[in-house]
Amino acid sequence: MRLALLAFRLMCLAWLWPVTQLNSSHFPNKRRHKEPYLGENTKQKHGGRVDLKMKKLDSTKSLLIKSEQLLRIEDHDFAMRPGFGGSAIPVGIDVQVESIDSISEVNMDFTMTLYLRHYWQDDRLAFPSSNNKSRTFDSRLVKKIWVPDVFFVHSKRSFIHDTTMENIMLRVFPDGNILYSVRITVTALCSMDFSSFPLDTQNCSLELESYAYNENDLMLYWKNGNDSLRTDEIVLSQFFIEDFQPSFGLAFYSSTGWYNRLYINFILRRHIFFFMLQTYFPTMLMVMLSWVSFWIDRRAVPARVSLGITTVLTMSTIITGVSASMPQVSYVKAVDIYLWASFLFVFLSVIEYAAVNYFTTVEEMKKLKKAKIPASFNAATQAMVFDGCYHDNDIDLTSFAEATSTPNTERNTQSRNSTVSAPTEGTRLRRKHPLKHNLSFIMSNSYMIDSYSRVIFPLAYLLFNIIYWSLYS
């Protein structure tokens, strides 16, 4: 019986042996799955065995509780401000201006990129710490706690930078003090005065204020006084930044009350060199170019007219270009005074030639009427007079001399000389009008208008420039 039982056991072992080998080939040792993978180099270094002591524990797993639980976020209602029902919570502001990206005269605004930092204390976020170190978080935790609702007054556009993540930092200290920093680009209104443009200085300001909390709930103040506003080295193409100055004040709204308001004031002084090259120098050259016509013969009508029209059109183009780059204001700017005064000088040079040409024509017509002109010359001389291109060499005036020396003219001359005698008693003397006499003299000597203009126009323009630059510079 014993031999039969032993034989049965041997048969069972022989039958189970292949099954055991098959299982060992398909299911390796389970301990291998529990080993952390540290790379092939580590396994070769330790002879295929992994030392579990080399595995570093994850620092996030070493915390007993999560950050939300550490700060007890779920235990409080962060829709309410800290110390609700008590005195106003003080919120310190610190600003670092990174850049002033653009300043637009047409839209009357400026674009600024800055770091806006808030400082306040919230006892609800205090946490125990053995080393008294702060904890830093990003925007994901900011959405779960209370933060000041500071906004920019008179802003047109603003956004928080989000590359590669939202540029938001939240730093919480064990005693509940909080630093909240954001990087913002804002486009805000700047009321500019262009009465002295382009020799102007503009005062702009960026204003910060709480939107929902008035002075009874939230008190905004500069964290470090005047040192709360810091700037990097800012270089602008058309302006020079003279000063950055923080200030504060109160704003009143009839429906909600008084609010604390902080100001970032900066003074911009415009560079004049760009406008000297683009506006003032070309204008001066056009005015001087119009004076060239005073040295051209008064009978050269095409030359003087074309020069006058060219300078007038060029001045119109300069005025149009300057006006297109400026806002449509209802008052006169300094550049407008200079451009229109220069345009007036150019226009007067054209009018001067019109007067010269007219007086010359009248003078020649008088000569033709006084002289006895043969009929063959009538048509030619009239054509030249009305054409404005009359030349003394075009007509032979020798016959005029003979005509004027006839006996009739001699008798007329003698009769005029005989009638002119010393005044007797009872005779009235007529006074000659000096203005009329001078006008008739100029009309009979029209070439003198050009001679006077060569001196009067430059001196008048020089005097205008002296007065203009002394007033606006």
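The distance from atom CG of Asn203 to atom CG of Asn265, rounded to the nearest 0.5 Å, is 8.0 Å. Annotation: the span from Asp122 atom CG to Ile89 atom CD1 amounts to 6.5 Å, rounded to 0.5 Å. Annotation: the span from Thr283 atom OG1 to Trp340 atom CH2 amounts to 12.0 Å, rounded to 0.5 Å. Taking CZ from Phe239 and CD1 from Ile100, the interatomic distance works out to 10.0 Å, rounded to the nearest 0.5 Å. Here the OG atom belonging to Ser210 is positioned 11.5 Å from the CD atom belonging to Glu215, to the nearest 0.5 angstrom. A distance of 9.5 Å separates OH in Tyr211 from CG in Asp149, rounded to the nearest 0.5 Å.
Under a 3.5 Å cut-off, the side chain of His154 and the backbone N or O of Ala188 do not form any donor-acceptor pair. Side-chain atoms of Thr279 never come within 3.5 Å of backbone atoms of Met276 as a donor-acceptor pair (strictly under, hydrogens ignored). In this structure, Tyr331 contributes its side chain and Phe194 its backbone to a donor-acceptor pair below 3.5 Å. Between the Gln121 side chain and the Asp175 main chain, a donor and an acceptor come within less than 3.5 Å of each other. Between the side chain of Asp162 and the backbone N or O of Ile160 there is no donor-acceptor pair closer than 3.5 Å. No donor-acceptor pair under 3.5 Å is formed between the side chain of Glu209 and the backbone N or O of Leu262. For Thr311 (side chain) and Leu307 (main-chain N/O), a donor-acceptor pair under 3.5 Å exists by modelled atom type. The closest donor-acceptor contact from the side chain of Ser139 to the backbone of Val142 lies at 3.5 Å or more, if one exists at all. The main-chain N or O of Arg298 is found under 3.5 Å from a side-chain atom of Tyr353 such that the two form a donor-acceptor pair. Proximity of a side-chain donor or acceptor of Ser196 to a complementary backbone N or O of Leu199 within less than 3.5 Å is not detected.
Side-chain atoms of Thr111 and Thr187 form a donor-acceptor pair, as typed in the model, at a separation below 3.5 Å. In summary, the side chains of Tyr461 and Ser342 do present a donor paired with an acceptor at a separation below 3.5 Å, with no hydrogens or angles considered.
In the displayed structure, Phe151 atom CZ is contacted under 6.0 Å by more than 12 heavy atoms of other residues, nucleotides or ligands. Remark: Tyr221 OH is packed, more than 12 non-hydrogen atoms of other residues, nucleotides or ligands lying under 6.0 Å away. The local environment of CZ in Phe347 is sparse, with at most 12 non-hydrogen atoms from other residues, nucleotides or ligands closer than 6.0 Å.
Side chains of Ile184 and Phe159 form no contact here, defined as non-hydrogen atoms less than 4.5 Å apart. Using a 4.5 Å cut-off on side-chain heavy atoms (C-beta onward), Leu236 and His271 make no contact. Looking only at side-chain heavy atoms (C-beta outward), Phe173 and Lys133 stay at 4.5 Å or farther from each other. Side-chain atoms of Tyr358 and Glu363, non-hydrogen and from C-beta on, never get closer than 4.5 Å to each other. Ser316 has its side chain within reach of Phe343: a pair of non-hydrogen atoms, C-beta onward, lies under 4.5 Å apart. With a 4.5 Å cut-off on side-chain heavy atoms, Leu220 and Phe248 do not count as touching. Looking only at side-chain heavy atoms (C-beta outward), Met112 and Leu206 come within less than 4.5 Å of each other. Contact check for Gln238 versus Phe275: side-chain heavy atoms found under the 4.5 Å cut-off.
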Is there a side chain to side chain contact (heavy atoms under 4.5 Å, CB included) between Val182 and Tyr180? Walk through the geometry before answering. CA-CA 7 Å; Val182 291; Tyr180 172 54; 3.5 Å; yes
Salt bridge (charged side-chain N to carboxylate O under 4.0 Å, His left out) between Glu364 and Arg299, intermediate numbers included: CA-CA 12 Å; Glu364 298 296 342; Arg299 297 182 179 89; 3.6 Å; yes
Assess whether side chain to side chain contact (heavy atoms under 4.5 Å, CB included) is satisfied between Ser195 and Lys333, documenting all intermediate values. CA-CA 4 Å; Ser195 58; Lys333 302 180 289 293; over 6 Å; no
Quick one, Asn226 with Ser228, criterion side-chain hydrogen bond (donor to acceptor under 3.5 Å, both in side chains). Give me CA distance, side-chain angles, the key distance, then yes/no. CA-CA 5 Å; Asn226 292 335; Ser228 301; over 6 Å; no
Take Tyr472 and Tyr338 through the test side chain to side chain contact (heavy atoms under 4.5 Å, CB included) and record every step on the way to the result. CA-CA 11 Å; Tyr472 290 102; Tyr338 193 89; over 6 Å; no
One pair to check against salt bridge (charged side-chain N to carboxylate O under 4.0 Å, His left out): Glu105 and Arg270. What are the steps and the verdict? CA-CA 12 Å; Glu105 291 88 357; Arg270 196 182 304 272; 2.6 Å; yes
Which is it for Thr185 and Thr113 under the side-chain hydrogen bond (donor to acceptor under 3.5 Å, both in side chains) test, yes or no, and what are the steps along the way? CA-CA 4 Å; Thr185 294; Thr113 300; 2.9 Å; yes
Mind running side chain to side chain contact (heavy atoms under 4.5 Å, CB included) on Phe240 and Leu268 for me, showing each step along the way? CA-CA 6 Å; Phe240 173 74; Leu268 301 173; over 6 Å; no
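Nearest heavy atom pair, residue Ser104 against residue Met192, reads O-CE, 3.9 Å. Between Ala79 and Tyr213, the closest heavy-atom pair is O-OH, 4.2 Å. Nearest heavy-atom pair across Phe110 and Cys190 is CD2-CB, 3.7 Å. Here the shortest heavy-atom pairing between Ile449 and Glu352 reads CG2-OE2, 3.4 Å. The shortest heavy-atom contact between Trp146 and Pro82 is CE3-CD, 3.4 Å. Nearest approach of Trp291 to Pro458, heavy atoms of both residues: CH2-CA, 3.5 Å.
Listed by first and then second residue, the salt bridge (charged side-chain N to carboxylate O under 4.0 Å, His left out) pairs involving residues 449-473 are Arg304-Asp450 (not counting sequence neighbours). Within the structure, the salt bridge (charged side-chain N to carboxylate O under 4.0 Å, His left out) test picks out the following pairs touching residues 227-245 (sequence neighbours left out): Asp94-Arg230, Glu242-Arg269.
Phe457 and Phe345 have perpendicular rings, their planes meeting at more than 60° on a 0 to 90° scale where under 30° would count as parallel.
Between Leu170 and the options Thr136, Asp138, Leu179, Ile145, a side-chain contact (heavy atoms from CB on, under 4.5 Å) holds for only Ile145.
The cationic group of Lys223 lies under 6.0 Å from the six-membered ring centre of Tyr119 and within 45° of the ring axis, placing it in a cation-pi geometry.
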